[in-house]
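Report on the following structure.
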Amino acid sequence: MQKDKFFKAESNVVHPNETLVKTHCAYCGMQCGMNLRVNVATNKIIGVEPRYDWPVTVGKMCPKGVTAYQQTNHDDRILKPLIRDDASLKGTKEGFREASWNEAYDLIANKFRELQVKYGKDSLSVFSGVSMTNEKCYLTGKFARVALGTRYIDYNGRFCMSSAAGGFLRSFGVDRGSTLPWTDIHETDCLFIAGSNTAECHPTSMFRVWNVQERGGYIIVADPRETPIARRADVHLDLKPGTDLALANGILNLLIQNGYADEEFINNHTNGFEETKELVKEFTPEYTSELTGVASKKIIRAAEIYGKSPNAVVMFARGIEQQHKGVDNVSGYTNLALVTGKIGRPKSGVATFTGQGNGQGGREHGQKADLLPGYRKITNPEHVAEVCKVWKITPEEMPQPGVSAYEMFELMEQKTIRGLYLLCSNPAVSAPNLNFVRTAMKNLDFMLCSDFYLSESAEFADVILPSVTWSEDEGTVTNLEGRIIKINKAQEPIGESKPDWQIQVELAERLGKGKYFSHLKTAKDIADEFRLASKGGYADYYGATWDKIDKQDGVFWPCKDENDMGTPHMFLDKKFYHADGKAKICALPYRPPAEEPDEKYPLRLTTGRVVYHYLSGNQTRRIQFLRDMCPEPYVEVHPETAKKYNLDHEDKVRLYTRRGEVIYKVKITEAIRKDTVFVPYHFGHEQSINLLTIAALDPISRMPEFKVCAAQMEKVEIKKVQ
């Protein structure tokens, strides 16, 4: 693959008694290239060095990536299976004892059988994650549907990427998180970034972002907070949380009215323009300003910059997606590219900043409630038949679609779901309305958790199986561009820990389903099967062999056969994935947030990341440096709002919503709207902001509205010791 101007051919120095293992970071969708330093004598990872040969990040790493290796040999690792003997202690770290794998497997198999005999196959559920390899994600979907025979499987990407998926499917007919490679980004003329605190959440993208301005291009940022990237933006659209669609509609209206619409592209390659044009007419700068709180002149300037730019990329993240209208928001911003024809060519398009390491691949191969490998629909008989051939089951044996992640917790609370197999996820921190979710988990008859640390969610388990970290296994993941890359094993598993795929193969044998899994002896075996299962699907990985991935620095899907080099740029032929080959420009009426501020709850609460932590913090809060840099959560408050509440910096407040309350220290900053407060979401137990968030779900993606709800706060008076 051709290298861009940032490429450096420098090689890392191999120290005596060490070897370097080429791989990628464990955390976000950037999947930064790294070399793990391994002591040859002890077979232990002892450090990390950047990979200058990796074309996406060319040696760049963030604080999390630099310290990621420390999680593998951490003192907190679970090294043997754990069984809880005292059910009254569920929800705590107490009551577990070490056990053998045989004892744990016997207990799990007996409990699973007992529940299914008494309550039916769908009494069991699987909740998984997308920080796993494609091979593990694929096998988890197969395990749920073949080994357990349950319809109830979903994953934590429902809380992360599901709205982007829904928006891309509606607009393009296919869901790939970026229509162009990341190596195009710095060469564009305008970046329109909505709902992404890029400098903290995807910091190794920033050298390309800043280069756009250095070349004379423009950066537009839509965000309620003045984040580091917003401070340097040419236009900062400081909107009220939850009003993104109004902003997108207002800018689209100006693009149309001011002559920036590409009529030839619209007529030949899209549907829905006339209806959309009519709908957005009411979104004048003045009306849009009234809805969003953004000054009219900023809206006008942003539309002018984007409209005049020869090439432009619209980029977004969870800020616009984690809303009960997240799919509409995604399609609304995608409309900007479709109406101006800035898509289907190099240096222009649409991209989303993927939150989890395999947020793209993890949703393509069978972990979602309604999807099968290759992005096939479980409701499509032809798709089911194709996968059944690979799995060697009949279509009648394939379970029906299940429900989304949060809705599974509702079924647990109702006792429809009695058992849960949880892996690679921590919903006791990451789910919305946590008081309800934690009660639902406690309500289960039996819970199995696979993890390498005792997470907040594992505290609700009856059995915990010790899994491995990313560096103790191999496989593929798909980064935020849609590029399939290879994770390489650097160290043998410690203690008695095992890869999740091996656990599932062994459990399937105990459950009497071994004939469907026993041929899978290695991660490579699973890769070959899932490539075959994806063949012919929208997300076709069949041609992405491990050898090709190594040779090309990754392979962009779709990649259909051995001669196919992959697809870095989508839609170059201007053909989209809808039946007529056209994209859809979507007419999207504005809807306000599910909860608007009122007299009792006058503030808008929003949440997000900090640079030092990842997701629920189960990994990063254990790394000393990262914990030192951000040891606890806080609430950001504007100075004028702080004055109104009689608050000083680091005072404590009781922040509360209709669902719960938490006490936080105050961080006073002008980098936030006066009507808004912000809390990072990486912290557990009684520090979790998701005790307060609302579970209003998007009608298409079933994404909860993490990014906005109505809140109030009051100062906590600290009694002085006499």
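For the residue pair N329/Q323, the side-chain donor-acceptor check at 3.5 Å is satisfied. For the residue pair S171 and T334, no side-chain donor N or O sits within less than 3.5 Å of a side-chain acceptor on the partner. Checked by atom type, the side-chain pair N479/H24 shows no donor-acceptor distance below 3.5 Å. Between the side chains of T693 and Y681, no donor-acceptor pair of N or O atoms lies under 3.5 Å. Judged by distance alone, the side chains of Q31 and W54 never bring a donor and an acceptor atom under 3.5 Å apart. If you check the side chains of S309 and D189, you find no donor sitting under 3.5 Å from an acceptor. Checked by atom type, the side-chain pair N488/T23 shows no donor-acceptor distance below 3.5 Å.
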Practice item. Go through the steps to decide whether R158 and D698 satisfy the test salt bridge (Lys or Arg N to Asp or Glu O under 4.0 Å), and finish with yes or no. Key: CA-CA 11 Å; R158 185 70 67 177; D698 183 289; over 6 Å; no
Practice item. Please report the C-alpha distance between Y538 and E364 in whole Å, then the side-chain angles of each, then the deciding distance to 0.1 Å, and finally whether the side chain to side chain contact (heavy atoms under 4.5 Å, CB included) criterion is met. Key: CA-CA 9 Å; Y538 283 163; E364 297 166 351; over 6 Å; no
Exercise for review: Might you work through the ring pair (Phe, Tyr, Trp, His ring centres under 6.0 Å) test for F172 and F571, ending with a clear yes or no?
Suggested key: CA-CA 9 Å; F172 303 142; F571 319 127; 5.2 Å; yes
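Side-chain atoms of F265 and L338, non-hydrogen and from C-beta on, do get closer than 4.5 Å to each other. I585 places none of its side-chain heavy atoms less than 4.5 Å from the side chain of E275. Counting heavy atoms from C-beta on, the side chains of V130 and N156 come closer than 4.5 Å. Residues Y634 and V610 meet the side-chain proximity criterion, which asks for heavy atoms closer than 4.5 Å. The closest side-chain heavy-atom distance from V339 to F273 is below 4.5 Å.
Counting only distance, with no hydrogens or angles, the side chain of E304 and the backbone of L254 share no donor-acceptor pair below 3.5 Å. A donor-acceptor distance shorter than 3.5 angstrom exists from the side chain of R363 to the backbone of G359, with no hydrogens or angles considered. In this structure, T354 contributes its side chain and Q356 its backbone to no donor-acceptor pair below 3.5 Å. Side chain of H638 to backbone of I668: no donor-acceptor contact under 3.5 angstrom is found. In this structure, T340 contributes its side chain and A261 its backbone to no donor-acceptor pair below 3.5 Å. With hydrogens and angles ignored, the 3.5 Å screen pairs no side-chain donor or acceptor of H236 with any backbone N or O of K298.
Around atom NZ of K574, more than 12 heavy atoms belonging to other residues, nucleotides or ligands sit under 6.0 Å away. For E264, the CD atom sits in a loose shell: 12 or fewer heavy atoms of surrounding residues, nucleotides or ligands are nearer than 6.0 Å. Atom CD of E596 has more than 12 heavy atoms from other residues, nucleotides or ligands within 6.0 Å. For E286, the CD atom counts as densely surrounded, since its 6.0 Å shell holds more than 12 non-hydrogen atoms of other residues, nucleotides or ligands. Residue K548 qualifies as enclosed at atom NZ: its count of foreign heavy atoms under 6.0 Å is above 12. Shown here is Y27, whose OH atom has more than 12 heavy atoms of other residues, nucleotides or ligands within 6.0 Å.
Using a 4.0 Å cut-off between charged nitrogen and carboxylate oxygen, K707 and D244 do not count as a salt-bridge pair. Ion pairing between R483 and D553 fails under the 4.0 Å rule for side-chain N and carboxylate O. A salt bridge links K674 with E640: the distance from a Lys NZ or Arg NE/NH1/NH2 to an Asp or Glu carboxylate oxygen falls below 4.0 Å. Salt bridge annotation for R609-E200: absent, with no cationic side-chain nitrogen under 4.0 angstrom from a carboxylate oxygen. Using a 4.0 Å cut-off between charged side-chain N and carboxylate O, D328 and R591 make a salt bridge. No salt bridge links E481 with R176; every basic N to acidic carboxylate O contact stays at or beyond 4.0 Å. Ionic pairing of D573 and K575 is not present here: no N-O contact between side-chain nitrogen and carboxylate oxygen is shorter than 4.0 angstrom.
No option in I320, I700, V314 other than I320 meets the side chain to side chain contact (heavy atoms under 4.5 Å, CB included) test with V330. When each of K342, E187, R345, K347 is checked for a side chain to side chain donor-acceptor pair (under 3.5 Å) with N311, only R345 meets the rule. Partner Y218 forms a side chain to side chain contact (heavy atoms under 4.5 Å, CB included) with one of V212, T188, D234 and no other, that one being D234.
Across all non-hydrogen atoms, the minimal contact from I220 to C190 is CD1-SG, 3.9 Å. The minimum heavy-atom distance between P241 and R604, with the atom names listed, is O-NH1, 3.3 Å.
Between F316 and F192, the distance separating the two ring centers is not shorter than 6.0 angstrom.
For the pair R208 and W182, the cation does not sit on the ring face, since its NZ or CZ is not both under 6.0 Å from the ring centre and inside 45° of the axis. For K582 and F576, the positive end is not near the middle of the six-membered ring at less than 6.0 Å and at most 45° from its axis. Both the sub-6.0 Å distance and the 45° axial angle are not jointly satisfied by K308 relative to the ring of Y260. Geometrically, R225 engages F678 in a cation-pi contact, judged by NZ or CZ lying under 6.0 Å from the ring centre and within 45° of the ring axis.
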